[in-house]
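Worksheet: one structure, shown below.
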Amino acid sequence: MTDTGDVMAKFNLKLRQNPSRADGTMTAEGGPGFTREPRAELFLLAVSNMVGEDTFYEGAAGRDARFRDLVAAVAVADPDWFARFVPWLRTGAMLRSASVVAALEGARAQVAAGVPGSRAVVNAALQRADEPGEALAYWLGRHGRALPKPVKRGVADAALRLYHERSLLKYDSESAAVRFGDVIDLTHPATKDGRQGDLFRHALDRRHKRHKRDNPLPPSLTVLAARAELMAMPVERRREVTDPAALRAAGMTWEALAGWRQNTMDAAAWEAIIPTMGYLALLRNLRNFDRAGVSDAVAGTVAATLADPGEVARSRVLPMRFLSAYNAAPSLRWAYPLEKALQHALVNVPALDGRTLILIDTSGSMTSGFSKDGTLRCWDAATVFGLALAARAQDPTVVSFSNASRVFPTVPGESVLAAVRRFKDGGYFYGGGTETEKAVRTHYDRHDRVVILTDEQAHWHGSADVAAAVPARVPVFTWNLAGYRVGHTPTVGNRHTFGGLSDAAFAMIPLIEAGSRDRWPF
């Protein structure tokens, strides 16, 4: 267990100083290393940290330990900054695990140091109804059953805000390590009204199985009653239920409906549940709609929802999701709405000022799979990400590289899906080796930043550092899409390397640039 005082001494917190060279510090590649002040180091780590996953420079255990140590140090040294940072990490960067871990570990350090304010931070980090339970599962697994009051009250505040009938039906799973009833038992939230009191008592009954014996469902819980009525229906009659209002009243999701029917989701079932489905659920099921034969009229309503700029903005879906949907369901009735939706989604991709060199690795190793469902390969992901960045950049240069390299001409106003098709049809996928250093040296020309999308398995030609041709003052961002351990440039100074590629990655470039200048997006 790390002592907060030791952490403070380790990082020698002087939060207003600039990053400096650390004597004797070496990078993973054996080059000279640089230290950052802890807030900047925490910021850079948090926006790229998938908690519990290995990266090519750090194993999961070491990386997570560094994250916890940084959180503990910064939460105590600059609690005002930390109180702004954690809510932004959850709702701005859309990183669930990192924000929950930060809130809890920060609260632990602040309690030990006598620093107030962690209750509100814990509450702010929990934004989905399964997260109070996940937070307690993390705490119990790591720190035991002794809950500090700020953690206990912060989780209770979140439960009051997030627990209702529909969220109980969706998230209170028997497979969860900590269920709704456990959260109520451990944190004792004071209910807002009688109906929530009934819900909490029922959640406790569900957890302890008492409701099966002598505790009938309270009459105030109408959604649960409607679900119970459906569950009591004989299986052979369930196909007859196609009234969207009845399904909505029972809090049915499409996943719950599929399990309840105990047979294939046909067109009637999809048409009944589509009016209750959220944006991302619609996007992920386009192929299922086609397979089931959903009518053109219903498909038209789905297409209108997908292409609606307000719906896109509220969904906060970023372009990668639309390419995956397009690859999974490329029928003509979805192509145009997906084009429009992706174009609207680009408002979530930050505009990059100045000149940006974007290098897309199209070597043979980039044909490996990227998405779990097989709809994306690594070079698909690299291409849509690179072209989405280019679409929002003030002055982009897009290059496809392998053994050879070639500039891809961008067209102002062109949709990203159209650009991806033009990239593929124009022969920009090479399939050879990976001569990254040569591509950087050939195409860098006083750009303000360089972005390389690759698996990092570069051939070594010329300098061992693939970014040697780029001045040290110019940031170089590498995204490793395959997660290999060996990287192609040390992650020091203005050289930033990340594993994988998530939707949140789109925001990383300007955020990191802002953080390095001691300006924060919160």
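Basis for what follows: all heavy atoms, side chains included, without hydrogens, waters or symmetry-related copies. Predicted model, so just to flag it, every value in this text is computed and none were measured.
The side-chain hydrogen bond (donor to acceptor under 3.5 Å, both in side chains) test applied to T264 returns no partner, not counting sequence neighbours. K170 meets the side-chain hydrogen bond (donor to acceptor under 3.5 Å, both in side chains) test with no other residue; sequence neighbours excluded. For R291, there are no side-chain hydrogen bond (donor to acceptor under 3.5 Å, both in side chains) partners, not counting sequence neighbours. Taking D290 as the reference, S331, R333, W334 meet the side-chain hydrogen bond (donor to acceptor under 3.5 Å, both in side chains) condition, with sequence neighbours excluded.
Using cut-offs of 30° and 60° on the angle between ring planes, the pair F200 and Y163 is perpendicular. Ring orientation note: the planes of F85 and F43 are tilted relative to one another, at an angle of 30° to 60°.
You'll find the side chain of K424 stays beyond 4.5 Å of the side chain of R421, heavy atoms only. Between D185 and R207 there is no side-chain heavy-atom pair separated by less than 4.5 Å. Counting heavy atoms from C-beta outward, L42 and F67 have side chains that approach closer than 4.5 Å. Contact check for V86 versus V71: no side-chain heavy atoms found under the 4.5 Å cut-off. Counting heavy atoms from C-beta outward, L306 and Y279 have side chains that approach closer than 4.5 Å. Annotation: side chain of R90 is in contact with side chain of R128 (closest heavy-atom distance under 4.5 Å).
The pair D193-R195 fails the salt-bridge criterion, with no side-chain N (NZ, NE, NH1 or NH2) lying under 4.0 Å from an Asp/Glu carboxylate O. With salt bridges taken as basic N to acidic carboxylate O contacts below 4.0 Å, none links D64 and R142.
Residues L247 and A272 share a closest heavy-atom pair of CD1-CB, 3.7 Å.
Counting only residues at least two apart or in different chains, side chain to side chain donor-acceptor pair (under 3.5 Å) contacts with residues 227-252 comprise R239-D266.
Taking OG1 of T383 as the start and CG of L323 as the end, the distance is 8.5 Å to the nearest 0.5 Å. Within the model, atoms CG of L186 and CG of L147 stand 6.0 Å from one another, a figure rounded to the nearest 0.5 Å.
With hydrogens and angles left out, the side-chain atoms of E134 and Y171 include no donor and acceptor closer than 3.5 Å. Residues D172 and H202 have side chains that never bring a donor and an acceptor to within less than 3.5 angstrom of each other.
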Show me the side-chain donor-acceptor pairs of residues 251-259 shorter than 3.5 Å, one per line, residues at least two apart or across chains.
from: T253; atom 1: OG1; to: E255; atom 2: OE1; distance (Å): 3.2
from: T253; atom 1: OG1; to: A256; atom 2: N; distance (Å): 3.1

